[in-house]
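A quick write-up on the structure given underneath.
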Amino acid sequence: IIVCLYGITAMAQTDNDSLKVVYHNTADKVQLKWLPGSYSVWMSGVKNGYFIDRYEVQQINGQWKMVGKIRLNEQAIMPWSKEKITQEAPNNPDLKNVDLLLAGQDLENKANPETPSDYLNLQSNKNFVFILALFSQVMKNKTAEAMGTYYEDKTAQSGKIYLYRITLN
């Protein structure tokens with residue numbers, strides 16, 4: 001399996017508005033993990049989820065062509081609910097840091113800051129939680145799955161070349 005990846009958001013204006021995609025492939029599956037480029041993109045994914053399209057690519061007469069496309073998920077990939085996190089985290093050491101997702105959601109739901117100092121503190125807290133969440137997602141697939149940023153393509157076939165596109169819903 002040969003994999004090419006790209007993650008996009010609707011109308012990405014800067015690098016911070018995009019998704020960074022990492023993968024690992026074996027003979028029978030491709031593991032995809034995507035990292036939002038900013039706190040706001042992360043929260044948009046938390047609220048709306050993600051879709052993954054897979055394109056099969058072949059070289060025909062010396063030119064690369066897309067010869068097939070499928071959407072891998074019928075419903076948007078979403079983070080786990082607070083209830084599922086609360087139920088599964090105590091029994092799974094790979095989920096120790098998934099509470100960062102809950103902290104990020106709590107920060108997003110905070111009332112508007114009243115003073116410039118309050119605003120700066122809120123932004124600083126959001127950025128700190130976001131960086132820790134990215135690190136946690138990279139380190140553990142189960143954490144990334146719980147945060148809604150992980151997918152295993154078990155339908156990928158050995159010997160084929162694929163291009164994956166991950167988009168915000």
Side-chain angles (χ1 to χ4, degrees), residues 1-10 12 14-57 68-109 126-158 160-169:
I1 301 170
I2 298 174
V3 177
C4 299
L5 304 164
Y6 65 102
I8 61 170
T9 59
T14 68
D15 216 26
N16 290 340
D17 293 335
S18 64
L19 302 171
K20 310 302 186 235
V21 184
V22 293
Y23 74 95
H24 175 73
N25 63 302
T26 64
D28 62 342
K29 67 183 172 187
V30 176
Q31 297 170 308
L32 302 169
K33 198 181 297 188
W34 51 98
L35 306 172
S38 68
Y39 177 87
S40 62
V41 172
W42 179 39
M43 285 297 110
S44 183
V46 166
K47 292 176 187 171
N48 303 308
Y50 302 91
F51 282 103
I52 303 173
D53 296 317
R54 183 183 72 198
Y55 301 84
E56 184 179 346
V57 180
K69 172 191 172 189
I70 63 167
R71 173 146 289 169
L72 294 175
N73 52 312
E74 291 182 20
Q75 296 182 357
I77 296 171
M78 302 291 295
W80 291 0
S81 67
K82 288 183 181 185
E83 294 78 22
K84 184 172 181 176
I85 290 170
T86 303
Q87 179 184 9
E88 298 214 11
N91 304 319
N92 189 330
D94 287 350
L95 293 171
K96 283 185 180 180
N97 296 320
V98 78
D99 57 347
L100 290 166
L101 169 65
L102 302 178
Q105 290 172 317
D106 289 344
L107 286 171
E108 185 68 5
N109 296 328
K126 285 179 177 182
N127 289 335
F128 182 69
V129 168
F130 172 65
I131 296 297
L132 291 175
L134 286 180
F135 180 71
S136 298
Q137 291 172 45
V138 169
M139 297 304 293
K140 299 290 183 182
N141 290 343
K142 200 63 164 172
T143 299
E145 179 185 344
M147 292 189 185
T149 58
Y150 178 82
Y151 182 84
E152 284 189 3
D153 181 4
K154 296 178 182 175
T155 63
Q157 298 175 7
S158 183
K160 299 212 175 193
I161 300 172
Y162 296 116
L163 173 68
Y164 290 87
R165 183 177 74 164
I166 301 167
T167 55
L168 283 167
N169 181 13

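Each residue takes its place number in the sequence, starting with 1.
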With side chains defined as the heavy atoms from C-beta onward, is the minimum distance between [X] and [Y] less than 4.5 Å?
X: Phe130; Y: Met43; value: no
X: Lys126; Y: Glu108; value: yes
X: Val138; Y: Val22; value: no
X: Arg54; Y: Thr155; value: yes
X: Tyr150; Y: Lys142; value: no
X: Tyr151; Y: Ile166; value: no

**Report entry** Sequence-distant partners of Asn169, side chain to side chain contact (heavy atoms under 4.5 Å, CB included), two or more places apart
**Finding:** Asn48, Phe51, Ala76

Roughly how far, to the nearest 0.5 Å, is the [atom2] atom of [Y] from the [atom1] atom of [X]?
X: Lys154; Y: Gln31; atom1: NZ; atom2: CD; value: 9.5 Å
X: Trp42; Y: Gln105; atom1: CH2; atom2: CD; value: 7.5 Å
X: Ile52; Y: Arg165; atom1: CD1; atom2: CZ; value: 11.5 Å
X: Leu72; Y: Asp53; atom1: CG; atom2: CG; value: 7.5 Å
X: Ile131; Y: Tyr39; atom1: CD1; atom2: OH; value: 12.5 Å

Smallest separation among heavy atoms of [X] and [Y], with atom names:
X: Gly45; Y: Pro79; value: O-CD, 4.2 Å
X: Met78; Y: Lys47; value: CE-O, 3.4 Å
X: Val30; Y: Ala156; value: CG2-CB, 3.9 Å

Requested in this report: Say whether Asp153 and Tyr162, considering side chains only, have a donor N or O and an acceptor N or O under 3.5 Å apart.
Outcome: no

Query raised in the report: Within the distance-only criterion (no hydrogens, no angle test), does the side chain of Thr149 pair as donor or acceptor with the backbone N or O of Lys33 below 3.5 angstrom?
Result: no

**Report entry** Sidechain-backbone polar pair: Ser136 side chain, Leu132 backbone, donor-acceptor under 3.5 Å
**Finding:**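 Side chain of Ser136 to backbone of Leu132, a donor-acceptor pair under 3.5 Å: yes, one is there.
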
Distance-only check: which donor-acceptor pairs under 3.5 Å involve side-chain atoms of residues 86-104, not counting sequence neighbours?
unit_1 : atom_1 : unit_2 : atom_2 : d
Thr86  : OG1    : Lys82  : O      : 2.7
Asn92  : OD1    : Asp94  : N      : 2.9
Asp94  : OD1    : Lys140 : NZ     : 3.4

Query raised in the report: Does the side chain to side chain contact (heavy atoms under 4.5 Å, CB included) test come out yes or no for Tyr50 and Leu32, once each step is laid out?
Result: CA-CA 12 Å; Tyr50 302 91; Leu32 302 169; over 6 Å; no

**Report entry** Contacts of Lys84 that satisfy salt bridge (Lys or Arg N to Asp or Glu O under 4.0 Å) - sequence neighbours left out
**Finding:** none

